[in-house]
There are 2 protein chains.
Amino acid sequence: MSVNIDVTAFMLNCSEAEAAQPSLSVIRAWVRLMRAQQLVLGAIEQDLKAADLPPLGWYDVLLELSRVEGGRLRPYEIEERTLLAQHNLSRLLDRMEKAGLVQREVFSEDGRGRWVVITENGRAMQARIWNVYAAAIQRHLGNKLNNGQADQLAELLAVLSQKSYRPCQKSADI
Amino acid sequence: MSVNIDVTAFMLNCSEAEAAQPSLSVIRAWVRLMRAQQLVLGAIEQDLKAADLPPLGWYDVLLELSRVEGGRLRPYEIEERTLLAQHNLSRLLDRMEKAGLVQREVFSEDGRGRWVVITENGRAMQARIWNVYAAAIQRHLGNKLNNGQADQLAELLAVLSQKSYRPCQKSADI
DNA sequence: CGATTATAGATGCACTTGCATCTATAAGGA
DNA sequence: TCCTTATAGATGCAAGTGCATCTATAATCG
């Protein structure tokens with residue numbers, strides 16, 4: 001998915017007349033966000049695959065588990081920390097369990113819940129992945145940005161992840 | 001996929017000893033790039049879905065077609081412009097053709113090739129999507145960044161999309 | 001020319017994702 | 001308590017994706 005944009009267009013949406021047309025600057029930022037993310041992610045995933053390692057999603061789960069005490073979390077906790085959808089995580093855990101990287105255990109305080117526990121193999125895999133992953137990050141980002149630029153970029157991107165306080169709805173004025 | 005990172009780790013990869021560990025700044029930038037892109041893309045796709053419109057990939061194709069003279073491109077040209085993989089594009093075109101938004105025609109100069117032509121319905125759809133898409137961009141980015149910030153962000157992201165001249169290989173010094 | 005190699009695009013298959021739904025357990029309220 | 005509602009997690013099915021491969025045509029080179 002690429003995302004170019006026809007900047008010579010118009011708009012009107014979200015109930016009725018509402019937000020203004022995004023500025024050219026904003027549109028350009030969006031397109032480049034998509035492109036850069038896609039390219040860099042693709043490159044990094046390639047590096048992982050080339051090293052016969054599983055995709056990044058696995059790393060996310062392993063990392064979350066490995067960094068908490070006891071190496072165990074409830075699925076919904078992993079969900080929150082990784083932004084993985086519930087049903088996707090459920091099946092990702094299936095695969096990881098089959099691969100021997102995690103184990104599901106009963107959670108006695110709540111019959112609905114489960115523990116997900118990282119195994120020794122899981123910890124080893126987390127470390128193995130990080131070797132390759134770190135190198136890939138350095139190669140595909142670190143070699144292109146100095147620390148000042150990276151900080152600046154992180155700063156700007158952080159703004160985008162914040163919840164907006166301008167939701168899409170008729171303005172509350174009556 | 002979320003992408004957190006254990007910053008207290010080490011590395012070594014890409015043939016032999018090579019790139020240094022990415023700096024904390026770089027790692028943070030990467031994590032935020034992933035997060036921001038995922039959140040904003042997800043939000044925008046939600047808006048499209050809520051308006052009963054197809055996903056962004058369709059828009060990319062429609063836009064590329066609608067902006068060239070004659071409204072026709074070869075599949076490989078669309079591929080280049082959108083970063084869609086060949087086999088994915090092939091099947092996306094199947095769906096779009098079935099939906100009456102594009103049509104495939106023979107390309108007489110080269111028996112292997114095909115034309116992809118946008119239909120009137122396709123053009124109408126492109127415009128309809130843009131209505132919603134533009135509003136979504138404004139909502140999820142424009143409301144959070146001023147133009148100066150957007151320009152700055154676009155600038156930094158552009159650097160990431162450039163081909164690196166530090167490929168992963170033993171340095172060429174002998 | 002004929003054989004090899006390259007390119008455009010399609011397709012079979014396995015895997016992943018999204019969506020809705022389902023089961024089981026827990027919590028809250030009459 | 002019983003009944004309703006909410007939450008944790010799993011799962012069936014449809015759709016999308018990656019990967020390898022296939023077909024057809026074109027280009028290149030002996």
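We use all heavy atoms of the structure for the numbers below, so side chains are in, but hydrogens, waters and symmetry mates are not. We name chains A, B, ... by the order of the sequence lines, and we start the count at 1 in each one.
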5' priority, DNA chain C, between B:Arg114 and A:Ala85 [closest heavy atom]: B:Arg114
Contacting residues from residues 87-101 of chain A, given that a heavy atom lies under 4.0 angstrom of DNA chain C: A:His87, A:Asn88, A:Arg91, A:Arg95
A:Arg28 and B:Asp151 ion-paired at < 4.0 Å: yes
Quiz item: A:Gln86 side-chain donor-acceptor pair to D:dA8 base, under 3.5 Å: no
Atom CZ of A:Arg128: over 12 foreign heavy atoms under 6.0 Å: no
Which atom of B:Ser23 lies closest to which atom of A:Asn147, heavy atoms considered: OG-OD1, 2.6 Å
Separation of C:dT7 C1' from B:Glu77 CD (nearest whole Å): 14 Å
Between protein and nucleic acid, restricted to nucleotides 23-27 of chain D and to nitrogen or oxygen atoms under 3.5 Å apart, what atom pairs and distances do you find?
{"from": "D:dT25", "atom 1": "O3'", "to": "B:Gly111", "atom 2": "N", "distance (Å)": "3.3"}
{"from": "D:dT25", "atom 1": "O2", "to": "B:Arg112", "atom 2": "NH1", "distance (Å)": "3.4"}
{"from": "D:dA26", "atom 1": "OP1", "to": "B:Gly111", "atom 2": "N", "distance (Å)": "2.9"}

For atom CG of A:Leu83 and atom P of C:dG18, their distance in whole Å: 12 Å
Distance below 4.0 Å between B:Arg74 side-chain N/O and C:dA8 OP1 or OP2: no
Nucleotide D:dG18, atom P - distance to CG of A:Leu48 in whole Å: 15 Å
Spacing of B:Gln46 atom CD relative to C:dC19 atom P, expressed in whole Å: 7 Å
Non-hydrogen atoms of B:Ile118 and B:Leu62 that approach each other most closely: CD1-O, 3.7 Å
Rounded interatomic separation in angstrom, taking CG from B:Leu56 and P from D:dG16: 14 Å
Rounded distance (Å) that lies between atom P of C:dG18 and atom CD of B:Glu45: 10 Å
Exercise: identify the closest heavy-atom pair between B:Arg74 and B:Glu77: N-OE1, 2.7 Å
Closest heavy-atom pair and its distance - B:Leu157, A:Ala29: CD1-O, 4.0 Å
Exercise: identify the closest heavy-atom pair between B:Leu89 and B:Pro75: CD2-O, 3.2 Å
side-chain N/O B:Lys49 vs C:dC19 OP1/OP2, d < 4.0 Å: yes
Charged N-O contact under 4.0 Å between B:Arg114 and B:Glu105: no
Value in whole Å for how far the P atom of C:dA10 lies from CD of B:Glu79: 10 Å
Value in whole Å for how far the C1' atom of C:dT11 lies from CZ of B:Arg104: 12 Å
Donor-acceptor under 3.5 Å (B:Lys144 side chain, A:Leu160 main chain): yes
